[in-house]
*Asks:* 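Quick one: this structure, given as structure tokens, is what I'll be asking you about.
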Amino acid sequence: MEAKDSEFTLSRLRVGERGVVTSLHAQGIIRRRMLDLGLVPGTVVESVRRSPAGDPTAYNIRGAIIALRAEEGCKVYVELL
Amino acid sequence: MGLTCQSSGKGVLREDFLSYETKSDYIVALAGNPNTGKSTVFNALTGLKQHTGNWPGKTVTQALGNYRHGQKLITLVDLPGTYSLLANSPEEQVARDFICFAEPDATVVVVDSTCLERNLNLVLQVLEITPKTIVCLNLIDEARRKKLRIDVEMLAIKLGVPVIPTAARSKEGLGFLKDTINRVASDAIQLNPLRLKYEDRLEVAISKLAGELEPLLPERINKRWIALRLLDGDYTVIDGIQKFLEKKIVVEGFAS
Ligand SMILES: Nc1nc2c(ncn2[C@@H]2O[C@H](COP(=O)(O)OP(=O)(O)O)[C@@H](O)[C@H]2O)c(=O)[nH]1
Ligand SMILES: [Mg+2]
């Protein structure tokens with residue numbers, strides 16, 4: 001079983017898994033950047049590929065493939081679908 | 001928040017934003033997310049009459065091109081491809097400073113018709129700065145191929161600005177786009193841009209701050225937008241005011 005749902009973040013999705021964004025734990029420019037990428041609550045995100053080094057990970061966000069580093073992904077809280 | 005302002009000149013002319021001298025009737029900006037066909041639109045409209053340089057003071061490439069349409073000479077300015085105008089990368093600053101301070105006669109936002117949802121973020125951000133906006137629904141051939149149906153008329157009504165479907169690679173819709181650019185640039189179309197309404201206490205603050213900015217800045221500058229940026233804690237907009245309007249705005253309680 002996974003840990004508590006409210007603690008689950010994008011960076012913990014495995015390749016092929018999808019999650020729906022519940023909240024962003026970031027402020028200022030980083031938050032702005034995430035919102036501009038389409039990471040608003042309710043958005044479904046799929047983890048599509050992980051780089052050989054394990055970081056960054058490519059996600060499908062509203063029809064575009066976007067790479068996020070783990071330190072960014074861990075600020076995006078999701079509910080596993 | 002209290003504001004004071006010292007003026008040291010009349011400010012930069014919009015021609016000063018361009019790396020190449022033009023004597024055109026209209027200056028038109030081309031904005032869009034990366035990979036929406038912005039360069040294809042630019043090339044199709046301007047043909048071989050292009051000039052590339054850098055944005056003043058930046059290592060960001062600027063492409064300019066001219067074309068004639070309906071007796072007018074138009075200079076098209078290719079802005080950097082961005083998802084946003086607000087996150088302060090050099091590209092985003094260039095794009096928004098141009099739209100806000102150089103005030104193009106029209107701004108065309110090229111969007112990917114197959115991925116509208118993602119692209120409308122930038123459209124809303126541009127509309128927040130300038131009403132003289134045209135949405136170019138590019139890659140409409142791809143949208144048709146994917147059997148996506150877009151209610152163009154409804155989108156234009158909701159956004160309050162012209163929406164023109166195009167397939168730039170095959171030049172579909174570009175004649176209509178050029179007609180529309182001239183009509184928007186010459187104020188021949190009544191625009192009614194969608195205006196985002198924020199929560200009440202924010203709207204109160206915006207009005208108050210915009211009111212304070214009103215006497216400090218030239219009439220042509222959108223004070224509501226400047227107020228929004230300041231309330232968002234984005235003080236880079238003050239640098240823009242200083243640089244392009246040669247006015248020094250001091251926000252009390254904030255050391256710039
Ligand atoms: N099918 C189709 N392809 C297009 C269209 N416009 C541009 N393209 C293609 O989309 C790709 C990206 O175009 P480009 O102009 O470089 O995009 P930019 O990054 O926005 O400047 C290129 O391969 C173009 O040939 C269009 O309307 N329809
Ligand atoms: Mg391009």
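Every heavy atom of this structure was used, including side-chain atoms; hydrogens, water molecules and symmetry mates were not. Just so it is clear: chains get the letters A, B, ... in the order the sequence lines come, proteins before strands, and each one is counted from 1.
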*Asks:* Using a 4.5 Å heavy-atom cutoff, which residues in residues 43-62 of chain A come close to chain B?
*Replies:* A:I61, A:R62
*Asks:* Where is the tightest heavy-atom contact between B:R118 and A:L37, given as atom of each residue plus distance?
*Replies:* NH2-O, 2.9 Å
*Asks:* Over all heavy atoms of both residues, which pair between A:D36 and B:N121 is shortest? Give the atoms and the distance, please.
*Replies:*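 Minimum heavy-atom separation between A:D36 and B:N121: OD1-ND2, 3.1 Å.
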*Asks:* Which residues in residues 29-38 of chain B have any heavy atom lying under 4.5 Å from a heavy atom of chain A?
*Replies:* none
*Asks:* Does a sphere of radius 6.0 Å around CZ in A:R31 hold more than 12 heavy atoms from other residues, nucleotides or ligands, not counting ones at 6.0 Å or beyond?
*Replies:* yes
*Asks:* side-chain contact (heavy atoms from CB on, under 4.5 Å) for A:R32 and B:D234? Distances and angles first, verdict last.
*Replies:* CA-CA 11 Å; A:R32 177 80 245 169; B:D234 176 4; over 6 Å; no
*Asks:* For a quick test of your reading: what N or O donor-acceptor pairs under 3.5 Å do the side chains of residues 198-205 of chain B make, sequence neighbours left out?
*Replies:*
| residue | atom | partner | partner atom | Å |
| --- | --- | --- | --- | --- |
| B:Y198 | OH | B:E128 | OE2 | 2.6 |
| B:E199 | OE1 | B:R201 | NE | 3.0 |
| B:E203 | OE1 | B:R224 | NH1 | 3.0 |
| B:E203 | OE2 | B:Y198 | N | 2.8 |
| B:E203 | OE2 | B:R224 | NH2 | 3.1 |

*Asks:* Could you check whether atom NZ of B:K158 has more than 12 heavy atoms from other residues, nucleotides or ligands sitting under 6.0 Å from it?
*Replies:*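 No, because the 6.0 Å sphere around NZ of B:K158 holds 12 heavy atoms or fewer from other groups.
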*Asks:* Hey, which residues of residues 64-76 of chain A are touching chain B, say heavy atoms under 4.5 Å apart?
*Replies:* A:A64, A:I66
*Asks:* Has B:L116 got more than 12 heavy atoms of other residues, nucleotides or ligands less than 6.0 Å from its CG?
*Replies:*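 Enclosed: over 12 neighbouring heavy atoms sit under 6.0 Å from CG of B:L116.
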